[in-house]
Amino acid sequence: MSALTAAAIQTAPIFGDVSGNVARALARVPADCRLAVLPELCTTGYQFASRDEAIALAEPVPAGPACQAFRDFAARRDTTLVAGLAELARDADGRERVFNSAALFRPDGTWAVYRKVHLFLDEKDLFAPGDRGFPVFPACGTTVGLMICFDWLFPEAARTLALAGATLLCHPANLVLPHCPEAMITRCLENRVFAVTANRVGVEHRAREELRFIGLSQIVSPRGERLACCDGVAEGAAVALIDPDATDKQITPRNDVLADRRPQAYRL
Ligand code: ACM
């Protein structure tokens, strides 16, 4: 495939204003980009006061109103969109469950979803942990892996996606700890993949503690170069031209980051 323009969209959602948050986020997608990643829970805001509140604001994928707006936008603009949202689903017994999910919408109307595996802090009271592992999906001419925010702390997430063939990690986030932007450089280097981390900015204080989101949305190359970056306070977009074919695993003439693994030595 050829190179494509990717964007990490950095927003400051207003809690509960789903249609406004969606409209403001989509308005920041650059005209010429083929892939846009929006932050975690970008439709609702982050800090639900209770599980009931999360259920009330969550929506089914892809039938919910925000999903419909994302699907229409992807088709109209010939852009693949990845967006974090609260997903309402039912288990086998018909009970409601809410997942912290990332949905991917292709220009042809098809879609895919990832449900966050590693829940952060009070998310454990609100969301069910992801029940589908770390699947990869064909999108924008390559193989895309989805992970959400705190998944950065677990190298197994990005490694699982790289081993499954992902060349490009789409990473919606609502980061509050300072470490992820640097850590994603290592995730990209150790797996030789691109990563688009879309974080939010602003402050929420609706539940136990105030949360201040660090922004710094970025696009990182397989060589660990930060290709584009937002600041820590303003809404905006980090935009870069990337070539997902340029993800060979050879880090020295005699070292391949995947083939040189020695799983028998790891005792996982
Ligand atoms: C996080 O996972 N939202 C920090």
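Whatever order the structure lists ligands and atoms in, that order sets their numbers, starting from 1.
Aromatic pair Y46/F15: ring centres not closer than 6.0 Å.
For the residue pair S50/D52, the side-chain donor-acceptor check at 3.5 Å is not satisfied.
Side-chain N or O atoms of K249 include one that pairs as donor or acceptor with a backbone N or O of N191 at under 3.5 Å.
Ligand 1 places these atoms under 4.0 Å from at least one heavy atom of E40: 1 (C), 3 (N). Counting the atoms of ligand 1 from 1 in the order shown, those under 4.0 Å from a heavy atom of E123 are 1 (C), 2 (O), 3 (N).
Taking the charged nitrogens against the carboxylate oxygens, R95 and D93 do have a contact shorter than 4.0 Å, which makes a salt bridge.
When only interatomic distances are considered, the shortest N/O to N/O separation between F120 and ligand 1 does not fall below 3.5 Å.
Protein heavy atom nearest atom 1 (C) of ligand 1, with residue, atom name and distance: C149 SG, 2.9 Å. Looking only at protein heavy atoms, the nearest one to atom 2 (O) of ligand 1 is K116 NZ, 2.7 Å.
Residue-ligand proximity: N174 is placed with a non-hydrogen atom under 4.0 Å from ligand 1.
Take R24 and apply the side chain to side chain donor-acceptor pair (under 3.5 Å) test, not counting sequence neighbours, and it matches D17, N21.
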